[in-house]
Amino acid sequence: MPRRADESFDSWRHRRMADSYSRAMQAVFNTSFTTTAAFVSTAISPIMPISTFGIYASICIVVNYLFVISLTPSAIILHEKYMGGFGPGGPCWVNLLLAKVGVRALPSQDESAAAQGGSEAPLEEKTAVAHASVLQSVKADTCVKDERGQNGGANGAKQLGDEERASGVVGGSLRVDRSPTAQAALAVDDKTEMLGRVLVAVFEYEAPPSFPVPWLRGAKLLSWGCVLGCLATGVTLLAYASMLSLPVEQEQFLPVDHVVQRFTDGSVKFLTSSGDSYPMMNLVWGAKPDIKRPNFDPYKPDDNRGKAVLDKNFDLSDPQAFNAVADACAKLRVKTCGKSKACDPLGTMVRPDSVTCAVDEFETWHLAQYGASATDRGQGGVTAADFYSRLLTFRETTTPAADPYGSWEDLIGVVDGKFAYLVVQGSATVSFQAINGDKGELLEVSEELVSELEKPPTARHVLQVSTLWVWYATNVALIEGMITGLAIAFPVAFLVLAAATQNLLIALYAILSILMIVGSVLGVAQREGWSLGIIESIAAVIVVGFSVDYTIHMGHMYDHAGKHLGFEARHERARYAILKMSSTVLAGAITTAGSGSFMFACQIVFFKKMGFLICVTIAFSLLFSLFLFMPLLYVAGPAGNCGHVAHFLPCLCAAPSTSGASNGGLASAGSTGALATTAGPVKAHQNNSAPARL
């Protein structure tokens, strides 16, 4: 921002900061809000590590935003005022550092004016020259051919600028803002905006009249090619993302070649059998489904886990209860999975020879030891006291037939020296490595079995328990958390985009780009052989927050070009947005991806994955924002007031003024064959202007 000839440095600094602050605060708030909303969406996950990660990250983003809007501007002002900035008057260590690397300190405003042999040029002349420059780049197709403005030099540019400010119209569709600040904002630096100029040249390339396909002549082929290419890439990777499977084992924390991980894998491989891959299905009597956890803290899961509530009415010595348990053992051995293929090839819920039933073996032992049934209640038969005394003797002196080296300690439960509960178990036919759908079907079969069991008053409560359900519940929570997070993050992103750009069509294009980014990131994860674990479910949600940043900057600048600078045609707005923001977006991508790349050196797999996903997310965000979102705006973006929220919510916001607005180059492209949009009244003086080709 140039300094006025009669303006003090303090006033100039404050004006610069006020202009920068007003522009940046809204953009930074929008990106910070969407990213925070994405992390907050993960905070509602029932899985504690994911929830705490989301809470911590969202707090960090909020604190960072507060520092950016408070500490950073203050530090800049203090540095400029008391340390002289980074020019020749700055601190000596800055100049020494610049001299070491061979960089010459920039001259101050006064030195620059003195070197030019006079005072600083007036603001009007500077803005006229800057405006003439941007007319040459932004209005190449529609600018007015003025002989005085084509002569070059400051005088010609100043005459053109004066005429434009007097008429209020440039090129038939550009409404020039009378504000000097807005005119100065049109200046484009040839060096820093090289990327933008290249992109503009690519997106505005049109098929020549000699193109072999007649209906494509004059169309922006490269823009459409970018759109179709990005959509094809996004849809393909989205299809791969739909193939992501749920994890079948615990998350691995270290690389496979790490010495600790190699020891763990070797122990599992050589010290376990193939049967260990199949969990045990347990039927439990003597406990109620309620667990008392008065002081349980989910953030300290190892403390105060609670106490099981025992069923005081459970009496195994009662013949009805004893026979009900024996009947349950028989049903467990033969229970089939019906039409479900989860239990194939055996077709049964558990392996029939793996069922360990304490009442069956106790009955056999009792007959051999005492010559009578354990439930004989006739005259001189077994009393309840004798039953439990003999049961405890059986527990201490025998072992299960299926596990000669084991014991009954976990199956015949004793609390405070008295019998309390009984467990019947069998090896499931569905392994830990089975897909989550098979686990869910087996869960339904097990619940069906419990509903079929006899439940006399002395054995009313029967629970089915398995470690398999822990993995099943975890996988279900991962999916539900991801779906819920996406259901929150996408609408929030759309609302923020609509509020920032005040245009529903721009917000819709941005959401399409974000959907392609999310699908592409998850598709790459699937191609890497990853499952939908903790890190992937987190990434699916936070990618929405990360990917909004670049599209919202480009969309905001597209809207800014029309609302504040008077550009009405879509190609003018898109060209302005690219020239102003492409280098900024690229710089942001480099810094964010660079910060994530440092995690590649971590030993813990979680952080390596997170670094990889951050870099992939930034790469796809940059790709789709520049080569899908912007080409879409070039060929089908809103022109004039098309898509403005004021047309849909007239009671909440006033419709934008259409005075001086036109789409006199947007009506129809004629022989160009390109799609055109009309918005706003067409004035008489605009009918003579050349139509803008799309």
Side-chain angles (χ1 to χ4, degrees), residues 38 41-42 45 47 50 225-252 255-256 433-440 471 474-490 493 509-551 589 592-593 596-597 599-600 605-629 631-632:
S41 301
T42 65
S45 173
I47 300 178
I50 297 180
C226 290
V227 171
L228 297 178
C230 287
L231 288 177
T233 302
V235 170
T236 302
L237 291 175
L238 193 60
Y240 282 120
S242 66
M243 303 178 189
L244 275 170
S245 59
L246 291 165
V248 296
E249 57 186 0
Q250 187 175 359
E251 294 269 348
Q252 184 174 304
V256 292
Q433 287 74 29
I435 61 175
N436 216 50
D438 289 348
K439 297 174 185 175
W471 282 110
T474 301
N475 292 335
V476 170
L478 286 173
I479 295 178
E480 291 180 351
M482 183 186 71
I483 294 175
T484 304
L486 291 175
I488 296 175
F490 267 103
Y509 289 163
I511 285 295
L512 174 63
S513 302
I514 294 170
L515 176 63
M516 294 293 104
I517 295 169
V518 175
S520 299
V521 172
L522 294 181
V524 170
Q526 194 276 339
R527 299 306 299 166
E528 287 290 318
W530 298 355
S531 58
L532 191 59
I534 292 178
I535 182 64
E536 292 81 9
S537 61
I538 292 176
V541 180
I542 66 175
V543 163
V544 178
F546 281 135
S547 56
V548 167
D549 293 358
Y550 306 141
T551 54
T592 308
S597 64
M599 285 191 279
F600 290 150
V605 174
F606 180 91
F607 296 116
K608 271 192 173 181
K609 281 187 174 182
M610 179 60 76
F612 176 81
L613 289 174
I614 288 177
C615 292
V616 171
T617 299
I618 297 304
F620 279 117
S621 298
L622 186 65
L623 173 68
F624 285 105
S625 63
L626 293 182
F627 295 98
L628 174 61
F629 181 63
L632 267 176

Practice problem: Go through the steps to decide whether Thr592 and Thr617 satisfy the test side-chain contact (heavy atoms from CB on, under 4.5 Å), and finish with yes or no. | Solution: CA-CA 10 Å; Thr592 308; Thr617 299; over 6 Å; no

Practice problem: Drop me the distance from Asp549's CG to Leu622's CG, to the nearest 0.5 angstrom. | Solution: 12.0 Å

Self-check item: From OH (Tyr509) to CG (Leu628), nearest 0.5 Å
Solution: 10.5 Å

Let me have the donor-acceptor pairs involving side chains of residues 515-526, under 3.5 Å, with sequence neighbours excluded, atom names and distances please.
unit_1 : atom_1 : unit_2 : atom_2 : d
Ser520 : OG     : Met516 : O      : 2.6

Exercise. Measure across Tyr550 and Ser621 and return the closest heavy-atom pair with its distance rounded to 0.1 Å.
Key: CD1-CB, 3.5 Å

Quiz prompt | Closest non-hydrogen atom pair between Ile618 and Ala593, with its separation | solution = CG2-CB, 4.1 Å

Practice problem: Supply the atom-to-atom distance Thr551 OG1 to Leu626 CG, rounded to the nearest 0.5 angstrom. | Solution: 10.5 Å

Between side-chain atoms of residues 232-244 and protein atoms elsewhere (two or more places apart, or another chain), which donor-acceptor pairs fall under 3.5 Å?
unit_1 : atom_1 : unit_2 : atom_2 : d
Thr233 : OG1    : Gly229 : O      : 2.9
Thr236 : OG1    : Ala232 : O      : 2.7
Ser242 : OG     : Ala239 : O      : 2.5

Self-check item: Approximate separation, where rounding is to 0.5 Å, of Leu623 CG and Cys226 SG
Solution: 9.0 Å

Quiz item: In Å and rounded to the nearest 0.5 Å, what is the CE to OG distance from Met482 to Ser45?
Solution: 11.5 Å

Quiz prompt | Non-neighbouring partners of Phe612 that pass ring pair (Phe, Tyr, Trp, His ring centres under 6.0 Å), sequence neighbours left out | solution = Trp530

Quiz item: Just how far is it from atom CZ of Phe629 to atom CD1 of Ile511, taken to the nearest 0.5 Å?
Solution: 10.0 Å

Self-check item: Closest heavy-atom pair and its distance - Ser597, Cys615
Solution: N-SG, 3.8 Å

Practice problem: Taking all heavy atoms of Leu632 and all of Val227, pick out the closest pair and write down the distance. | Solution: N-CG2, 3.8 Å

